Structure formats: C-alpha cells, structure tokens
Amino acid sequence: MTVLVKPKPIEGHKVRAFQMLIDGKWVDSAEGRTIERVAPGHGVVVSRYQAGTKADAEKAIAAARRAFDEGSWPRMTASQRSLVLLRAADIIAERADELAYLDAIESGKPISQAKGELGGAADIWRYAAALARDLHGESYNTLGDGTLGVVLREAIGVVSIITPWNFPFLIVSQKLPFALAAGCTTVVKPSELTSASTLLLGEILEAAGVPAGVVNIITGTGPEVGAPMTTHPDVDMVSFTGSTGVGRLTMANAAQTLKKVSLELGGKNPQIVFPDANLDEFIDAAVFGAYFNAGECCNAGSRLILHRDIADEVTRRIAELSAKVKVGDPLDPETQVGAIITPQHLEKIAGYVSAASRDGAAVAHGGTALDLGMGQFMAPTILSSVRPDMAVAREEVFGPVLSVLTFETTEEAIRIANAIDYGLSAGVWSRGFDTCLTIGRRVRAGTIWMNTFMDGAPELPFGGYRQSGLGRELGRHSVEDYTETKTLNMHMGPRTGWWMPR
Ligand code: NDP
C-alpha cells in the first residue's frame, strides 16, 4: 500500500523556524542544513529545525561537561534548584496551550489530549521539585566507636536524554526535571519529527533561571546527533525512550565507556478479562487502551486476552464502540484519535493488518487507512481469531490495532501474557480479589492495572521487564537514578591497623 498524503493548510499557521540551544546560546547547526516537519494530520510543512551534526553534539556535550565540572548548578542548594523547577512548572502551565498546539500539529495527536499531557507534565516538574529537597544519603554510627560511615548521593554528571515522537513534551518531562533535581547537566535530543515543544522548553528553562550550559537542546537525526550522545566519553549517563532496537544499540554504544543507561522501550501489553468482570467498564477501557494516541503508545493495550465464554460478546461490543470513536483533524477539540506519525509508519501498520488477515485473523472492525482529505489516518481496528504466534500478537504495531486472543484457564492466560519478549504493562479485569492478585503477581510487567487501564501518577514508578527496558522513571527513587553513591568512611582516634600495635 502506498499512502497518498493530502495537504490541507492550517488556518493562521506560519512555518516556525527553530535554532538549537548550546551553552546558553541559540545557534544554527555547524553545516547550516535544516529539517522540515510535515504535519501528519495536515500534510503541510509546519516547522523547520536545524539538522545538527556530530560537531554540534560534541559542542553541546562540552558545554554540559563545563557546566557540571565548573558551574553553579550542581553546587547550589537543593532548595535553590527546587525553586527553579517550580518556576519552570509555572511557565509550562502558563504556556500549555502553545506547547500543546505544537505537539498536536507535529505528532498528529488530538489537541484535547495534548492539553491533558501538558497539565500532567507541569505536575511532574512540581513533583521533581519536591523530590529535589528530599535527596539525601545515609549515615552509620553503628560501626564501632572509631568509625563513622556516611553515604553520599552525588549527581552522576552529564546526562544524554534522547526522546521519541509519540509524547514529545511528556516524555522529556519524565526525565529532565529529575536529572536537574539531582544537580546533573544535560544534552537533550528530541525526535526529529517532533522537536518544537522541547525547543520551547529551552526558552522556558532559561526564563526559569537554569544557568547556561545546564540544559543543551540539539536537533537532528538519531544516527547523526543521537549516536555521539551515547558514545562520547564525557557523558556519564544516557536516558533513552524509543524502540527496543535503538535501545539495544544505545546500550551497546554506552557499554564502550560503561555509562549508566536507563531505557524505556516497547510494549505489547495484554488486558486479561474474566467472565465476572464489569464488562461495561472494561469495554470503555479496551477502546481507550487500544486507540489512545492512535495506538502509538508503548503502554497501548494492544492484546486482549478474553475468557472464551465472553470473547464473542466482548469483541462485538468493542467493534460497535470502535465505530463511534471520532477520528479526525488533530486540531478539532472533538477528535479522539488523530493522525499517524508518517506515511511510512501508516504503511507499516496496514502491513501488520494484511499479514494477520492472510494468517487467519478476522477484521471485526476497521482494517484500512482512512481518507479524510488531509494527512494520513488509520481506522481503529479490531482483529479477532488471533493466535499467540502471529506477528500482530507478538510485535509492537504502534497503531490503533487491537488483537483478540482467548483463554480457558487462569494458567493459560498467564502463559499467553508472558509468552512475548516485552513486559511493560498489563491489565486484569475481574471482581475476584484472588484472580486480580494472582494475575498481578504472576504476569511479568512493570505495571499491572486492576480494573482500570493506563492510569498513572508521578508518584508511581514506570518501566518495563525484559525487552521493555531497564530501570524505572517517576516515583520517589527517580532522582536517585541520576546519582552516584559515594562512601565516606571516617576513622576517629588512634589507628589500630596493620603495623600499629593493637
Ligand atoms: P527510535 O527508537 O528510532 O527513536 C527514538 C529516539 O532515538 C529518536 O530521538 C531518534 O532520533 C533516536 N535515535 C534513532 N537512532 C539513534 C541512534 N543510532 N543513536 C541514538 N539515538 C537514535 O523510534 P522511532 O521514532 O523510529 O519509532 C520506531 C518504533 O519504535 C515505533 O514504531 C515503535 O514501535 C517504537 N517506539 C517506542 C516508543 C516508546 O515509547 N517505547 C516511542 C517511539 C517509538 P530520530 O528519530 O530523530 O532519528
């Protein structure tokens, strides 16, 4: 299938040109090349970025290194850093509409959803500001009269932050404020498809009082500017969100200089549904879990594992509700599902559906691209009669495609849920306490939702088992992730060691 993208100009929009933020200055790339972003919902150019190079990445890393080794940020009090983060949160909230608009036109997500993400992001910055003041080590006065042990938590140093296109502002907000709270300095690279809101964040952080060189933001492709951020010896840690393939490459690159790595990768998240569940509530959550952000979401509930006794009824009702989901212009406040990020990605999604149909799956709803006379869109799609060995049941489609599998016993449901490479999240629906807890304890995933799906809060850690990633974001330990532990082992009184008389 070749996707034909139909252009539809956005009323009142002027193409916006951005520079990169390196060492407190807004600059062009070393080679002067630029990247144009075509809005997925409208098929027209909306932004122009600098196509950064390895030389730009190196300048940004050098600036972050200087700011860490010689600058004020790691040395100021936690309360001073906290105040800066709170000011940033306030400005994010003030400029939320502008940021949400940029995320909506560049990623194709619905504007109402983008505004919700901005509210969530401001809240995360506030949470990080609170944690900044609670970061502390430990002391041990239990080691005998002659010894006092103090365990320090020190900022790890320069952190490379690499983010994807699906939640541009939200994902950078799951990393950057915690790194800053710890006292780190950073180089940030947003996806080349959705860089605008992250660049605006640079302006916001300047206004909030982040000193020059502490946050450097560079744009360009992964291989050109992302790769040096994972290999450079002056970088101490890499925090990456994106595909499992690039995550693996990032870890291998970082291994050359033994950097710390934090990875948030893909998911193929099951929702397991028992006959005693509240099916009305589940059906709403199933449609939300599968089609939210057009399914371009690592947490998407893309696999339903339904008890055989309810599978036909539930599939029919989800298909009926899927037909009511409003797919359309990302800037229409009524839209629930927006555009697909690129024409190539839409082809990939449609390819999964065709392959599943050839392998024996049935299309209960959707299954094709939608021609809305603008951009590129995919119909919400539900596939039944999916077998666990099919690609659509095992691989991350990253589109609005829901696969229905069935089970008869709890053991079988757990086996199907765990029989993939991913382990990011899962849902279980039952009124039975034992059933929910059995699934909650036996399914190998970083988050298990019980009688709900895709809820979250900054207090709750997020991350995956197995090939869904390494480490956790958010939660009260999130600032500690950006630290090193140092032991101060102090001796008091006369030495009673090797050569000294005891
Ligand atoms: P990628 O993993 O390619 O991109 C994520 C980030 O990594 C982007 O900023 C990208 O830059 C950068 N990058 C790419 N190559 C390198 C490299 N060699 N070294 C360092 N950084 C690099 O994901 P895509 O955006 O291409 O999406 C592909 C698939 O990944 C999706 O279909 C989906 O399955 C999965 N995905 C998962 C996400 C999640 O939240 N877990 C998020 C996004 C995607 P750039 O794109 O600018 O070249």
Side-chain angles (χ1 to χ4, degrees), residues 21-22 57 60-61 63-69 71-78 80-89 92 121-122 124-136 153-164 168-190 198 201-202 204-206 208-218 226 229-230 232 234-242 250 254 259-264 458 461-463 469-485:
L21 180 60
I22 300 179
I61 292 166
R65 189 76 254 168
R66 266 194 312 279
F68 187 78
D69 292 343
S72 59
W73 187 255
R75 286 159 197 90
M76 64 176 66
T77 65
Q80 287 169 316
R81 280 198 293 270
S82 172
L83 277 177
V84 173
L85 298 180
L86 286 172
R87 275 201 295 273
I92 290 167
I124 296 175
W125 282 79
R126 292 199 173 100
Y127 180 62
L131 290 183
R133 297 189 67 168
D134 192 44
L135 180 64
H136 61 274
R153 282 279 177 187
E154 291 187 344
I156 197 166
V158 174
V159 182
S160 286
I161 293 179
I162 301 175
T163 58
F169 200 88
L170 194 59
I171 289 178
V172 74
S173 298
Q174 289 181 190
K175 301 174 184 293
L176 183 56
F178 301 99
L180 293 175
C184 294
T185 61
T186 59
V187 178
V188 181
K189 190 203 99 61
T198 303
L201 177 61
I204 291 171
L205 295 178
E206 283 184 311
V210 173
V214 172
V215 176
N216 303 275
I217 304 172
I218 54 176
M229 290 168 62
T230 63
H232 199 289
D234 280 348
V235 171
D236 299 293
M237 174 175 172
V238 183
S239 177
F240 171 88
T241 297
T250 296
K259 300 181 198 317
K260 185 172 181 180
V261 177
S262 156
L263 303 171
E264 296 300 336
F462 169 65
L470 201 63
R472 296 289 179 269
E473 293 188 332
L474 304 175
R476 71 189 182 92
H477 298 296
S478 46
V479 178
E480 287 176 10
D481 283 348
Y482 294 94
T483 64
E484 276 282 17
T485 301

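This is a predicted model, so every value here is computed, not measured.
The structure places CD of Gln174 at 12.0 Å from CZ of Phe169, a figure rounded to the nearest 0.5 Å. Here the NE2-CD1 distance, from His232 to Ile61, works out to 5.0 Å after rounding to the nearest 0.5 Å. The structure places CZ of Arg75 at 13.0 Å from CD of Gln80, a figure rounded to the nearest 0.5 Å. To the nearest 0.5 angstrom, Ile92 atom CD1 is 5.5 Å from Leu201 atom CG. Separating the CD1 atom in Ile171 from the CZ atom in Phe240 is a distance of 10.0 Å, to the nearest 0.5 Å. Expressed to the nearest 0.5 Å, how far CG of Leu83 lies from CE of Met76 amounts to 10.0 Å.
Using a 4.5 Å heavy-atom cutoff, the side chains of Thr163 and Thr241 are not in contact. For the pair Asn216/Leu21, no side-chain contact is recorded, criterion being any heavy-atom separation below 4.5 Å from C-beta on. The shortest distance between side-chain heavy atoms of Arg472 and Ser478 does not fall below 4.5 Å. Lys189 has its side chain out of reach of Ile161: every pair of non-hydrogen atoms, C-beta onward, lies at least 4.5 Å apart. Considering only heavy atoms from C-beta on, Val214 stays 4.5 Å or farther from Phe68 through its side chain. Inter-residue side-chain proximity for Val235 and Lys259 is flagged as met; some heavy-atom pair is nearer than 4.5 Å. With contacts defined as side-chain heavy-atom distances shorter than 4.5 Å, the pair Val172/Pro190 does not qualify. Within the 4.5 Å cutoff, no side-chain heavy atoms of Val188 are placed close to those of Ile218.
Without hydrogens or angle criteria, Thr185 side chain to Ala64 main chain gives a donor-acceptor distance under 3.5 Å. Proximity of a side-chain donor or acceptor of Ser262 to a complementary backbone N or O of Ser239 within less than 3.5 Å is not detected. Side-chain atoms of Trp73 come within 3.5 Å of backbone atoms of Leu180 as a donor-acceptor pair (strictly under, hydrogens ignored). One N or O on the side chain of Tyr127 and one on the backbone of Arg476 form a donor-acceptor pair closer than 3.5 Å.
Contact between Leu170 and Ala121 at its shortest, heavy atoms only, is CD1-N, 3.9 Å. Considering every non-hydrogen atom in both Thr186 and Ala179, the closest pair reads CG2-CB, 4.1 Å. When all heavy atoms of Arg87 and Ala208 are compared, the pair lying nearest together is NE-O, 2.9 Å. Between Ala89 and Arg126, the closest heavy-atom pair is CB-CG, 3.6 Å. Here the closest heavy-atom approach between residue Ala182 and residue Arg81 is recorded as O-NH2, 4.0 Å. In terms of heavy atoms, Ala78 sits closest to Ala132 at CB-O, 3.4 Å.
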Applying salt bridge (charged side-chain N to carboxylate O under 4.0 Å, His left out), run through Arg65 and Asp236 and close with a yes or a no. CA-CA 10 Å; Arg65 189 76 254 168; Asp236 299 293; 2.8 Å; yes
Run the numbers on Val215 and Val187 for side chain to side chain contact (heavy atoms under 4.5 Å, CB included), then give the verdict. CA-CA 6 Å; Val215 176; Val187 178; over 6 Å; no
Using the rule given for side chain to side chain contact (heavy atoms under 4.5 Å, CB included), can you reason through Ser160 versus Met237, listing the C-alpha separation, both sets of side-chain angles and the distance that settles it, and then say yes or no? CA-CA 6 Å; Ser160 286; Met237 174 175 172; over 6 Å; no
Apply side chain to side chain contact (heavy atoms under 4.5 Å, CB included) to residues Ile156 and Cys184 and explain how you reach the verdict. CA-CA 6 Å; Ile156 197 166; Cys184 294; 3.8 Å; yes
Using the rule given for side chain to side chain contact (heavy atoms under 4.5 Å, CB included), can you reason through Glu473 versus Phe178, listing the C-alpha separation, both sets of side-chain angles and the distance that settles it, and then say yes or no? CA-CA 9 Å; Glu473 293 188 332; Phe178 301 99; over 6 Å; no
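Ion pairing between Asp481 and Lys175 fails under the 4.0 Å rule for side-chain N and carboxylate O.
There is no side-chain donor-acceptor pair under 3.5 Å between Thr483 and Glu480.
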